[in-house]
Amino acid sequence: MMSEEGQPRAPFKPIHHTLREMDPESLKERADALASMFLDQGVTFDHAGEERPFPLDAVPRVIDADAWADVERGVAQRVDALEHFLDDIYSRQGSMPRAVDDGIIPWRLIATSSHFHRAVAGLRPANGVRAHVSGIDLIRDENGDFRVLEDNVRVPSGVSYVIANRRAMANVFPEAFATMRIRPVHEYPRMLLRALRAAAPEGRTDPTVVVLTPGVYNSAYFEHTLLARMMGVELVEGRDLVVRNGEVKMRTTHGEERVDVIYRRIDDDFLDPVHFRRDSMLGVTGLISALRAGRVTLANAIGNGVADDKLVYSYLPDLIRYYLEEDPILPNVDTYRCNEPEHLQTVLDRLDEMVVKPVDGSGGKGLVIGPKATGQELDELRANLERDPRGWIAQPVVQLSTVPTLIDGKLRPRHVDLRPFAVNDGDKVEVVPGGLTRVALPEGQLVVNSSQGGGSKDTWVLAGRNVRVPSNEAAEMILLSSQRPHSSDDDAPPTEPLDSEPSPTQTSPPQAVPTTGEES
C-alpha cells in the first residue's frame with residue numbers, strides 16, 4: 001500500500017483514505033460483519049474437521065489497470081499454449097506429439113505423468129477446447145513482477161469466493177464502490193455458460209448443460225451449487241445420470257432427458273468405473289464411450305492434469321515459444337527439475353535453501369520449505385528425492401509480495417498470491433477481472449492455502465480510461481434478482497442470491513469423496 005517514501009501508492013489512495021477515517025472499533029465491526037455474512041450464507045470450508053467461515057480480510061487487494069492488462073494478456077497466452085499442448089498429446093493418436101518430435105519436451109515426462117490418460121487418446125472435443133476453465137496461480141516477487149507459480153486446468157476451484165467476496169465487500173464498504181472505478185466480476189457465470197454451450201456436440205442448437213458434483217460432502221460443494229444456480233442449470237450427481245444408446249441421460253421427474261454438456265467437478269479417476277476406478281460410486285458408467293461417440297462434452301476434458309504436472313510447468317515458456325511463436329508475457333518461477341541428474345545434485349547440495357514440491361501435489365501438501373524445515377524433515381526429503389526424482393521439483397524461496405491485512409485489530413503485512421480465472425469458449429480466452437487473492441494469515445507464512453490457515457481478499461482491478469464500469473455496486477447486486485434464467489438464455493443475467501446457498505455438511509461421508517488438486 002505504501003511507497004518507500006511513506007506515501008500511499010496511487011491505486012491504494014482511496015482505500016488508504018477510507019481506512020484512516022475509521023477507528024479500530026469500526027473496522028473490527030465491519031470485519032465481524034463479513035465473517036457473519038459468510039457463515040450465514042454457507043461460505044465455509046473444512047479445517048481440521050471443523051466448519052468455518054472462509055476468512056475474508058476487510059482490506060482489499062488493489063491492482064491498477066496497467067498491471068492487470070499484462071496479467072490478462074499473460075494468462076490468456078498461457079491458456080492458449082496449454083490448449084495447443086493438450087491437443088498435441090491427445091489428438092495425434094498413433095504418432096508422437098509434434099513438441100516431442102521437435103525436441104521441446106521429452107515423451108517420457110508426459111507418459112509417466114499420473115494424469116496422462118490413454119483412455120482418451122485420439123478423442124478431440126467438439127470445438128477443440130479442453131480447458132474450458134483455467135486457474136493460473138500467480139505471485140508477485142520482490143521486484144514487483146508477476147510470475148506464474150502453477151497451472152490448474154483440471155477443475156480449478158475458488159471462483160465462488162471471488163463472487164461471494166465481491167458481494168460481501170459491496171455491502172460492507174459501499175463508500176469505496178461509490179468513489180473507485182472497480183471492474184465487476186458478476187459476468188463470470190454468463191461467461192462460463194456461454195463457453196459450455198459453445199462446447200456442445202455438433203448439431204445441438206439448444207444444448208442441455210449440467211454441473212456434476214460428488215455431493216454434499218465435497219469441500220467445494222458450495223461452489224458447485226452456486227454456479228449451477230447462477231447459470232440456471234441442473235446440479236446432478238453421478239446417480240442422476242445414465243448412458244443409454246451412446247447418449248447421457250438425466251433422470252428427472254418427467255422421465256429421462258438428454259444431456260449435452262457436463263461441467264464436471266469430479267476427479268478423472270472417479271468419472272467412469274469402466275476405465276478408471278472400478279469402486280467409484282461418483283461417476284457414470286459408460287461415460288467414456290459416450291464421449292468417443294461424440295454425443296456429450298465433458299468440461300474440463302479428461303487428461304488435462306498432465307498439463308498441471310509441475311515438471312510440465314517448467315517447460316511452458318519453451319512450449320509458448322514453440323506453439324505460439326511468442327515470448328512468454330508472464331515468466332515462471334525459476335525451477336529445478338529433479339529428474340535431471342545435474343539439477344538433482346544442485347538441489348541436494350542446497351536443500352536447506354530450496355522450496356521442494358511434489359509434481360502432482362496441491363493445497364500445500366507435501367511441500368517442504370528448506371529454510372524452515374527441521375533436520376529430520378530434510379533427511380526424509382533427501383531420501384524421497386533420491387528414491388523418486390521424477391516426483392519432485394525445486395524452486396528458490398521467493399519473497400511473495402505483501403498486502404495490508406487486518407490481524408488482531410491492526411494492519412499487518414501478509415504474503416499473498418493470486419488465482420485469475422480464464423474461460424475459453426473456442427473463439428477467445430476471457431479472464432475475469434480480479435480473481436482469488438489468497439493470503440497467508442500466520443506471520444511469515446508463505447503457504448496461502450486455506451487448509452494451511454490461509455484466507456482471502458477481494459481483488460479490485462481498477463478500470464482504465466477506456467473501460468466502462470457501473471457507477472456504483474448495482475451491477476454486483478444483480479445477484480439479488482429473484483428471477484432465475486432458463487439455461488438456454490445466453491443473455492439472461494446470473495440471478496441467484498448467494499444467501500440461498502445451503503451450508504455444506506461436514507459429517508464424515510459413507511465413502512471418501514476425492515478432491516482434485518484444484519478443489520483442495
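Everything quoted here is computed from the prediction, not taken from an experiment.
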>> Nearest 0.5 angstrom please: L316 CG to K310 NZ, how far?
In response: 13.0 Å
>> Can you tell me how the ring of Y161 sits relative to the ring of F222, calling it parallel under 30°, perpendicular over 60° and tilted otherwise?
In response: parallel
> Given the side-chain rings of W460 and F12, with only the six-membered ring counted for Trp, is the space between their centroids under 6.0 Å?
Replying inline: no
> What is the minimum heavy-atom distance between M230 and P189, and which atoms define it?
Replying inline: CE-CG, 3.5 Å
> For L462 and M180, which heavy atoms make the closest approach, and how far apart are they?
Replying inline: CD2-CE, 3.6 Å
> Between K357 and E150, is there a salt bridge with N-O shorter than 4.0 Å?
Replying inline: no
> When you measure from the side chain of T459 to the backbone N and O of G435, does any donor-acceptor pair fall under 3.5 Å?
Replying inline: yes
>> For the backbone of A131 and the side chain of E83, can you confirm whether one donor and one acceptor N or O come within less than 3.5 Å of each other?
In response: yes
>> Between R194 and E430, does any side-chain N to carboxylate O distance fall below 4.0 Å?
In response: yes
>> Could you check whether any side-chain N or O of R414 sits under 3.5 Å from a backbone N or O of V439, counting only pairs where one atom can act as donor and the other as acceptor?
In response: no
> Where is the tightest heavy-atom contact between L298 and R264, given as atom of each residue plus distance?
Replying inline: CG-CG, 3.8 Å
> Can any side-chain N or O of E353 pair as donor or acceptor with the backbone N or O of P396 at less than 3.5 Å?
Replying inline: no
> At their closest point, which heavy atom of L436 faces which heavy atom of V162, and how far apart are they?
Replying inline: N-CG2, 3.6 Å
> Between OG1 of T405 and NE2 of H415, what distance do you get to the nearest 0.5 Å?
Replying inline: 10.5 Å
> Counting N and O atoms only, with roles assigned by atom type, does the side chain of N143 sit under 3.5 Å from a partner on the main chain of D145, one being a donor and the other an acceptor?
Replying inline: no
> Which atom pair, heavy atoms only, marks the closest approach of V432 to Y188?
Replying inline: CG2-CD1, 3.3 Å
> Do S26 and E21 come within less than 4.5 Å of each other through their side chains, counting heavy atoms only?
Replying inline: no
> Q77 and P328: which non-hydrogen atoms are nearest, and at how many Å?
Replying inline: OE1-CA, 3.4 Å
>> If we ignore hydrogens and angles and just use 3.5 Å, is the side chain of D309 paired with the main-chain N or O of V306 as donor and acceptor?
In response: no
> Counting only N and O atoms by type, is there a donor-acceptor contact under 3.5 Å from the side chain of N300 to the main-chain atoms of V133?
Replying inline: yes
>> So, using side chain to side chain contact (heavy atoms under 4.5 Å, CB included) as the criterion, who are the partners of T335 when residues are at least two apart?
In response: Y313, S314, I393, Q395
> When rounded to the nearest 0.5 angstrom, what is the spacing between CZ in R61 and CZ in R438?
Replying inline: 11.5 Å
> Would a distance-only check, ignoring hydrogens and angles, find a side-chain to backbone donor-acceptor pair under 3.5 Å from S456 to P55?
Replying inline: yes
>> Looking at R181 and G464, would you say the former's side chain and the latter's main chain have a donor-acceptor pair under 3.5 Å?
In response: yes
> So do the side chains of L149 and V333 get within less than 4.5 Å of each other, counting heavy atoms only?
Replying inline: yes
>> Just to verify, what does F146 make a ring pair (Phe, Tyr, Trp, His ring centres under 6.0 Å) with, not counting sequence neighbours?
In response: none
>> Strictly distance-based, threshold 3.5 Å: is any side-chain N or O of D268 a donor or acceptor partner for the main-chain N or O of I302?
In response: no
>> Any heavy-atom pair between the side chains of L400 and V416 that's under 4.5 Å?
In response: no
